[in-house]
**Q** 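The structure under discussion is supplied below as structure tokens; questions concerning it will follow.
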Amino acid sequence: MSLLELDQVEKVFGTGSQAVPAVRGVTLAVDRGETLGLVGESGCGKSTLARVVVGLTEATGGRIVFDGEDVTNEVGDRTFRRKVQMVSQHPGQSLNPRLRIETTLAEPLRLLGVTDDPSEIDRRIDEMLTVVGLNPDYRRRRPGSLSGGQQQRVAIARALMSEPELVVLDEPTSSLDQSIRGRIVALLREIQERRGVAYLFISHDLSTVRRIAHRVAVMYLGRIVEVSATEAIFDDPRHPYTRALLSAVPSIDVRARRRRIVLPGETPSPVSLPVGCSFQERCPLVHDRCRREDPRLMESADGHLVACFAAVPAVSG
Amino acid sequence: MTSLALMGLLPPGIELRAGSIRLEGRELTPDLAEGRTPREVTMIFQHPRGALNPTMRVGRQVARVLRINQGLGASEAKEVAVDLLSRVGIPGAERVARAYPHQLSGGMCQRVMIAMALGCRPKVLIADEPTTALDVTIQAQIFDLIRDLVAETSCGVVFITHDLAAVAEMCDRVVVLYGGQVMEQASTVDLFERPSHPYTRYLLESVEREVDPHIEEKDVDFGLPGCRFAHRCSEVFDRCVEFPPQFDVGDGHTSACFRHAEENSVAS
Amino acid sequence: MSQSVSWELPSSAEPGRLARWSAELRKRPLLAVGVALLFAYLVLAVVGPAVTVDPLRTDPANQLLPPSAAHPFGTDEFGRDVFARAVAAARLDLWIGLVIAVVSMVVGSVIGVVAGYWGGRVDEVIMRLTDVLLAFPGFVLALILVAAMGDSVPNVIVAVSVSFLPHFIRLTRAEALQQREMEYVDGARLAGNPPWRVAFRHVMPNSLGPAAVQATLVAGWAILTVAGLAFLGVGIRPPTPEWGVMVAEGANDVITGEWWTALFPGGMIVLAVMAFHFVGDELGGGRV
């Protein structure tokens, strides 16, 4: 049984002709102790999905099942918050600038009902700062006197305080320098190995995802278009969008100036989606069926899920 | 910052103290020091939408550049502007020219910026993190565009980025800067295959290899004498408190590290 | 250039708070003048009444004496020492001004944060009520309120505070609207903060900056308003030593040549308002 299951989750902002469907029928599962990478470009709905999962935004459709229980209407509750936490993109903004680190870290313990005992809280703060690679002396500081990497370590510490089973990481390394990025990823992996926490790792940075994720889901315009094991996604991408995305990433290998697949145009607005596949206007493999029907995620024999008529050998029925 | 100096756009309070900046042998330093931007050098920025005037239609902004730099009349400038916009790969340039920056995507705004830059007929284009704020598929488009335009107009590009992969993809030669000092310079292939400065090696390793998550990151310390990288360097030794000169390590590849002097003296 | 590298960072040692303040004051003379004036007023208000004569003691033998060593600001038509009265008034006026600034800032900011953070209906109702208050000129509003509630110092404080409320409500609301979108608000929610705690523990402290600056200006305006009301005979009445009361009493003397009874208290008002303005403007424009 998966730790988190999303079943046809939808999120539409606004109503009527102004309605923006940010997440359109996403079905996904995250297992205990695993890292699921969620990849997509800006505006594809991945951050909205993250907010839906942690209960900062209410879904407008579908079901959220956590640990076998339907929690669709309880994602904002205290018990759920204890188990599912989040780290967001801008470490400088995600910490209240006026509070000392220790105050920020004590909040989840007190408010989520973990413990009220001051000496226990103290102990846990020191312990957690050590876990995220910070000197416990930093507890008296305020976020403004820390570097971006240190702030992100504090944000990770805060998310871990209530000993959650799932942490949603929304672009946790995107605003950090390359050298710091690597350390944060290594830190997250170390924490996962020791504590068995599962990650939903959201990023547009494919190389980072490759280093941390066990499985990867690719999102385009509010839909999941491909899901598979990380190696399978990177070595054998099947959806034309995934292929283009991967080939667009510059490589550090100077000798291999490969031929890239450059997609024409830009992601269309989710307000006026075409009938059929939402990728049709940019797709090199588009054919008639894509303009009539919207492909669902289809599973091939090896467990690789792809939402593309051209990528999956036509199966009868 | 160095690029802002090149453009004569240094913020108040910061001055060009010493050294010289030359373009095709012509001395530019005095003009730059007084804040006059040389016409042959132009720049595109990381946040293109912020660099465009939000209250003016983009077509007019491009046209204005043409009128100032090429002395075109109003109607002619308008035509050339639309022409430039389509040259940078904007579909429906006529229509886009009438749009305001906030109506365009980041990628489109960057194309507009590039069109404006082209309107200056630059000899040098400074691209300061031009794709950092863009998605990878759009980044690929912009890279292709910059490459095509360079081939077409044979202008030089100073491509400023923190993304080593983008360097590998786009550049012929690389200068590695840290804390305002040049650490290493070489041809791109040479730099990636034979990184000589400890800082460059550290950068390349941080992309490829696993790093210890418990080592804390330190910021650049501008107060220290000598090599700026010294306080983070794993190969630091007593000479690093002096300012390191560039050592030639072969094939026009230079590196500012006293370790090279050590090696040479050992070798000879 | 990478965004994390900032150029102008030659300072290696962190200077102490005191050193930073004195450096700031030397760079900004207006701020220094304002702070010095306020400090002078403070000293006057605290120790003044202890060293001057009784501000209420009348002396028919010494009416309307011009300024002299014995009476630095002269005496008024009842023979009271104008300097003693002006100093005693400093205590009352500064006190009232500061209380009004604090009361209207605290109440206004709480209302503003509620409006800005919750938005929707709540915001709509609060803003319309604010519009009603704003429909009256502040001074007139204060005048009406005091007239309705009756003359007394607490009533003046309440009335003038209410007339300044809209400033604070609007300022804090605008700030809270921005702060609400910050990621730390999500962080606070995830850490288990209930909505009221997010609003008052997290959003409000971060929304007070502009209001705090405004409060400095309001302290000055409040003194002016209180004195103005007293001048019109509303709120604080003679013989209480209060600058507005003194100016009103001395107004007739100016015509007959005894300028000192009105001019000195008037000058005290002007200087006090200026002092608060200098400080407020400089704090608002700078980044202390």
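In what follows, every chain begins at residue 1, and chains take the letters A, B, ... in the order their sequences are listed. Heavy-atom basis, side chains included; hydrogens, waters and symmetry copies ignored.
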**Q** Give, for atom CG of D186(C) and atom OG of S94(A), the distance between the pair rounded to the nearest 0.5 Å.
**A** 9.5 Å
**Q** So does E120(A) have more than 12 non-hydrogen atoms from other groups sitting under 6.0 Å from CD?
**A** yes
**Q** Select, from S162(A), A155(A), P108(A), the one with the greatest count of heavy-atom pairs under 4.5 Å involving chain C.
**A**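 Most pairs with chain C among the choices: P108(A).
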**Q** Are R201(C) and R98(A) packed together at the side-chain level, in the sense that at least one heavy-atom pair is separated by less than 4.5 angstrom?
**A**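 No, too far: nothing below the 4.5 Å cut-off.
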**Q** Any chance you could lay out the side chain to side chain contact (heavy atoms under 4.5 Å, CB included) test for Q93(A) and E181(C), step after step, and finish with the verdict?
**A** CA-CA 10 Å; Q93(A) 291 170 24; E181(C) 304 301 324; over 6 Å; no
**Q** Heavy-atom count around R121(C) CZ within 6.0 Å, excluding the residue itself: above 12?
**A** no
**Q** Against chain A, label R197(C) side chain, backbone, both or neither, depending on which of its atoms sit under 4.5 Å from a heavy atom there.
**A**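 Answer is side chain: those atoms of R197(C) sit under 4.5 Å from chain A.
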**Q** Rounded at 0.5 Å granularity, tell me how far CD in E183(C) sits from CG in N96(A).
**A**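 Interatomic distance, E183(C) CD to N96(A) CG, rounded to 0.5 Å: 13.0 Å.
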**Q** Should we say atom CZ of R124(A) is surrounded by more than 12 heavy atoms from elsewhere, each under 6.0 Å from it?
**A**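 Buried by this count: over 12 neighbours within 6.0 Å.
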**Q** Checking L99(A) against chain C: side chain, backbone, both or neither under 4.5 Å from a heavy atom?
**A** side chain
**Q** On a heavy-atom basis, which atom in L56(A) and which in R189(C) lie closest, and how many Å separate them?
**A**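 For L56(A) and R189(C), the tightest heavy-atom pair comes out as O-NH2, 3.4 Å.
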**Q** Side chain, backbone, both or neither: which part of S145(A) has a heavy atom under 4.5 Å from chain C?
**A**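 Neither part.
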**Q** Mark yes when over 12 heavy atoms from residues, nucleotides or ligands other than F200(C) sit less than 6.0 Å from its CZ; otherwise mark no.
**A** yes
**Q** If you compare all heavy atoms of L112(A) against all heavy atoms of L190(C), which two are closest, and at what distance to 0.1 Å?
**A**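 Looking at all heavy atoms of both residues, the closest pair is CD1-O, 3.9 Å.
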**Q** Non-hydrogen atoms of chain C under 4.5 Å away: do they reach the side chain of L95(A), the backbone, both or neither?
**A**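 It is the backbone, since no side chain atom gets that close.
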**Q** I'd like to know which of R78(A), R158(A), R110(A) tops the heavy-atom pair count under 4.5 Å against chain C.
**A**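 Ranked by contacts with chain C, first place is R158(A).
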**Q** For the interface with chain C, which of P143(A), P97(A), A159(A) has the highest count of heavy-atom pairs at distances below 4.5 Å?
**A** P97(A)
